[in-house]
Amino acid sequence: MLNGKASTCAVACVAAAALILVALRSERASIIWTGVSRAHADNTDCGMGGCTSSRHQRRGEPSDMPIEPAEAVGLPSPVQEQKAAPKQGPDGWLEKRLAAAPELVLERPPREIRLKSPRQRKSVAKQQEQETDRDDGNGKDTGGVQSTVGEDGEVVDKPRPYLPAHVALRPHRILTEGRFYHHDTHDALIFEWSASTIRTRFQGSKISMHMELLKGVADYYAVEVDGQLHGTVMVPWIGVHEVVLADKLDPTQDHEVAIVKRTEATVTTAKFYGFDIGPEQRWLEPPPVKLRRIEVIGDSITCAYGAECPPTTQAGFSAETEDAYGSYASVAAREVGAEVGIVAWSGRGLVQNSDGSREGTLPKLLIMVLPSYDPELRFIYRDNPRARADAVAVNLLTNDAFPDPQDDDDKIRKHYTKFVTRLKGLYQDPHVFLCLGPMLNNSWPPGRPGVLDRMRSIIQAVADSFDDTVIFVEFPPQVDMPDYPPGCNQHPGAKMHQHMGHQLAEAMKTAMHW
């Protein structure tokens, strides 16, 4: 038997324990409700700019287009609408940002670390109250973390490399050009294609970026500051690296900075975690979306393979000598004031590759987001505002001419005609510029006499089979350009790319009245 005083104490202890249990259950329920990931709801997965679903079916595309097992849709879905709405901005700004969002598809789920104890759950719940973009909406850093809840209701901390508290992707502060995949768990962008570009604006004196290589030994990026080439930076292999992009800028002025991937997809795969201006400097609204967009499809010439080889030597290829920023495709885009997307791979062709194989030709690579890192990720053209292009340039058939021809000229012409028809459908009826590269001549490649005349005849016949929105552009053979020294392995050098870019830009201006 307990005396009255002890009995009162026991009742109080039981009541306190009950209240603590109710509070813990309420707290856990709140965590589960506020942090639950709906990515698997209704068999639909959503990323920052799109969703993948096995229920989506492709419509309105040519019959030779491969059907993807899953695809991302560029417009918001009901699942996306359940998530926190983006911060509003000036009139029309949100619509521009949605239209400029990267083309994304959801990743395979990474390894998860489950937090079991109430203390860990309470810590994560407190952290969830902070903004996940680490930005107070006025350009100031506030710190923050990311977390979610697993399917079994346990709080999950997403494994992410250590970064300073003020570093985050900030999708509403950047503008991307090209094809990107949003790694939702690490809040990072993965990309491979040449000339992939990320832009931002800020007020301050210094800016850096946090980048990791998933493939490759070293990667190289052109840095633009306020519309001018500022220099080139290198990202080394292994680990997340902070790379300074620009320093000692005027801290009282607004600055626009862009990084442009110089290397091609076969060389490196990059993972971008965010720009870093420090906690005291100020973010600004992202750069305006360009009103014109061109897509360029090609091989090593379009990648600017070896464009920066020293003119006095014929050294072999290295990542350092490739420069997609200086490629004729990028030169033409800057001259006409357009955004550029490059889909190009060295050694690949239209019908066959330089080694005679038929796997991985450009018509097959065209639909890929990460062709080297994960070929199953598909770029989505249907209902995607980012898939539209005003102009598409194609520079192929150089590699088709290298091996013994497996097809006669008429069959190659039919393949090319079918490909142009497909491009017209995918890119929403653009002007198409069919280019003849500068490496071919009637005595090279060896053992292919008259190959330049053959390829010219094929491309001209394809262009003539369409209306005046399909234009033939012939770049001059570089053997006839002694003042334009070649790059690595007889590829066009930097000066030749400038010449070709200007020629393509003039053709676009004439045909499209730009």
For this session: Take Glu224 and His230 through the side chain to side chain donor-acceptor pair (under 3.5 Å) test and state the conclusion after the steps.
Result: CA-CA 5 Å; Glu224 269 190 357; His230 186 72; over 6 Å; no

Exercise. Between the side chain of Asn399 and the main-chain N/O of Asn353, is any donor-acceptor distance below 3.5 Å?
Worked result: no

For this session: Hey, can you tell me if Phe379 and Tyr381 have their rings parallel, tilted or perpendicular (30° and 60° cut-offs)?
Result: perpendicular

Problem set entry | Option from Arg386, Lys290, Arg292 for which side-chain hydrogen bond (donor to acceptor under 3.5 Å, both in side chains) with Glu339 holds | Arg386

For this session: Measure the acute angle between the ring planes of His491 and Tyr305, then classify it against the limits of 30° and 60° as parallel, tilted or perpendicular.
Result: tilted

Exercise. Do Asn395 and Val296 come close enough that some side-chain heavy atom pair is under 4.5 Å?
Worked result: no

For this session: Can you spot which of Thr266, Thr361, Leu365 makes a side-chain contact (heavy atoms from CB on, under 4.5 Å) with Arg348?
Result: Leu365

Exercise. Does a donor on one side chain and an acceptor on the other come within less than 3.5 Å for Thr268 and Thr263?
Worked result: yes

For this session: Might you work through the side chain to side chain contact (heavy atoms under 4.5 Å, CB included) test for Ile190 and Phe180, ending with a clear yes or no?
Result: CA-CA 6 Å; Ile190 301 177; Phe180 292 81; over 6 Å; no

Exercise. Hey, does the side chain of Asp400 reach the backbone of Val351 with a donor-acceptor pair shorter than 3.5 angstrom?
Worked result: yes

For this session: Please check if any side-chain donor atom of Glu264 sits under 3.5 Å from a side-chain acceptor atom of Ser346, or the reverse.
Result: yes

Problem set entry | Any side-chain heavy-atom pair of Phe272 and Leu169 under 4.5 Å | yes

For this session: List in chain and number order the residues that pass side-chain contact (heavy atoms from CB on, under 4.5 Å) with Thr321, two or more places apart in sequence or in another chain; answer none if no residue qualifies.
Result: Cys309, Phe317, Ser318, Cys488

Exercise. Is the shortest heavy-atom distance from the side chain of Leu396 to the side chain of Leu362 under 4.5 Å?
Worked result: yes

For this session: Verify the neighbour count for atom CD of Glu320: are there more than 12 heavy atoms of other residues, nucleotides or ligands below 6.0 Å?
Result: no

Problem set entry | Lys/Arg N to Asp/Glu carboxylate O, Arg262 vs Glu308, below 4.0 Å | yes

Exercise. Are any of the side-chain heavy atoms of Asp226 and Gln253 separated by less than 4.5 Å?
Worked result: no

Problem set entry | Closest non-hydrogen atom pair, Val233 against Leu245 | CG2-CD2, 4.0 Å

Exercise. Taking all non-hydrogen atoms of both residues, which atom of Pro371 and which atom of Trp193 are closest, and how far apart?
Worked result: CG-CZ2, 3.4 Å

Exercise. Judged by modelled atom types alone, do Ser208 and Lys206 share a side-chain donor-acceptor pair under 3.5 Å?
Worked result: no

Exercise. If you measure only the distance, is there a donor-acceptor pair under 3.5 Å linking the side chains of Glu212 and Tyr273?
Worked result: yes

Problem set entry | Pair Ser194-Lys261, side-chain donor/acceptor within less than 3.5 Å | no

Exercise. What is the minimum heavy-atom distance between Gln281 and Gly204, and which atoms define it?
Worked result: OE1-CA, 2.7 Å

Seminar exercise, completed: Rounded to the nearest 0.5 Å, the CG atom of Asp219 sits from the NE2 atom of His241 at a distance of 11.5 Å

Exercise. Given Ser372 and Lys215, is the side chain to side chain contact (heavy atoms under 4.5 Å, CB included) satisfied, shown in steps?
Worked result: CA-CA 9 Å; Ser372 178; Lys215 187 194 76 172; 2.4 Å; yes

For this session: Check whether any side-chain N or O of Asp374 sits under 3.5 Å from a backbone N or O of Leu370 as a donor-acceptor pair, and report yes or no.
Result: no

Exercise. Does a side-chain heavy-atom distance below 4.5 Å link His499 with Pro476?
Worked result: yes

For this session: Quick one: list whatever passes side-chain contact (heavy atoms from CB on, under 4.5 Å) with Val331, sequence neighbours left out.
Result: Arg334, Gln498

Exercise. Heavy atoms, side chains only, cut-off 4.5 Å: are Pro438 and Pro492 in contact?
Worked result: yes

Problem set entry | Carboxylate-amine/guanidinium proximity below 4.0 Å for Glu285 and Arg201 | no

For this session: Over all heavy atoms of both residues, which pair between Arg293 and Ala338 is shortest? Give the atoms and the distance, please.
Result: N-CB, 4.1 Å

Exercise. Is there a donor in the side chain of Tyr220 and an acceptor in the side chain of Asp323, or the other way round, less than 3.5 Å apart?
Worked result: no

Exercise. Can a salt bridge be assigned to the pair Arg179 and Glu295 using a cut-off of 4.0 Å between side-chain N and carboxylate O?
Worked result: yes

Exercise. Under 6.0 Å between the ring centres of Tyr325 and Tyr221?
Worked result: no

Exercise. Between atom NE2 of His497 and atom CD1 of Ile301, what is the distance when rounded to the nearest 0.5 Å?
Worked result: 7.5 Å

Exercise. Asp276 versus His166: any side-chain heavy-atom pair under 4.5 Å?
Worked result: yes

Exercise. Roughly how far, to the nearest 0.5 Å, is CE of Met496 from CZ of Phe475?
Worked result: 8.5 Å

Exercise. Is a donor on one side and an acceptor on the other found under 3.5 Å between the side chain of Thr398 and the backbone of Gly437?
Worked result: no

Exercise. Passes side chain to side chain contact (heavy atoms under 4.5 Å, CB included), Cys303 versus Ile342? Steps please.
Worked result: CA-CA 8 Å; Cys303 295; Ile342 293 180; 5.6 Å; no

Exercise. Do NZ/NE/NH1/NH2 and the carboxylate oxygens of Lys248 and Asp250 come within less than 4.0 Å?
Worked result: no

Problem set entry | Separation between CG of Leu426 and CG of Leu366, rounded to the nearest 0.5 Å | 6.5 Å

Problem set entry | Ser357 versus Asp355, closest heavy-atom pair with distance | OG-OD1, 2.7 Å

Exercise. Could you give the distance from CG (Leu440) to CD (Gln478), rounded to the nearest 0.5 Å?
Worked result: 10.0 Å

For this session: Answer yes if the side chains of Gln203 and Asp254 hold a donor-acceptor pair under 3.5 Å, and no otherwise.
Result: yes

For this session: Test side chain to side chain contact (heavy atoms under 4.5 Å, CB included) on Phe275 and Arg170 and set out the steps.
Result: CA-CA 9 Å; Phe275 290 112; Arg170 293 184 185 84; over 6 Å; no

Exercise. So do Pro286 and His172 actually touch side chain to side chain, heavy atoms under 4.5 Å?
Worked result: no

Exercise. Which heavy atom of Pro430 sits nearest a heavy atom of Ala389, and at what distance?
Worked result: CB-O, 3.2 Å

Problem set entry | Partner of Phe191 by side-chain contact (heavy atoms from CB on, under 4.5 Å), out of Thr269, Ile198, Val369 | Ile198

Seminar exercise, completed: Between the OG1 atom in Thr200 and the CE atom in Met209, the distance rounded to the nearest 0.5 Å is 13.0 Å

Exercise. Is the backbone of Asp483 close enough, under 3.5 Å, to the side chain of Lys495 for a donor and an acceptor to pair up by distance?
Worked result: yes

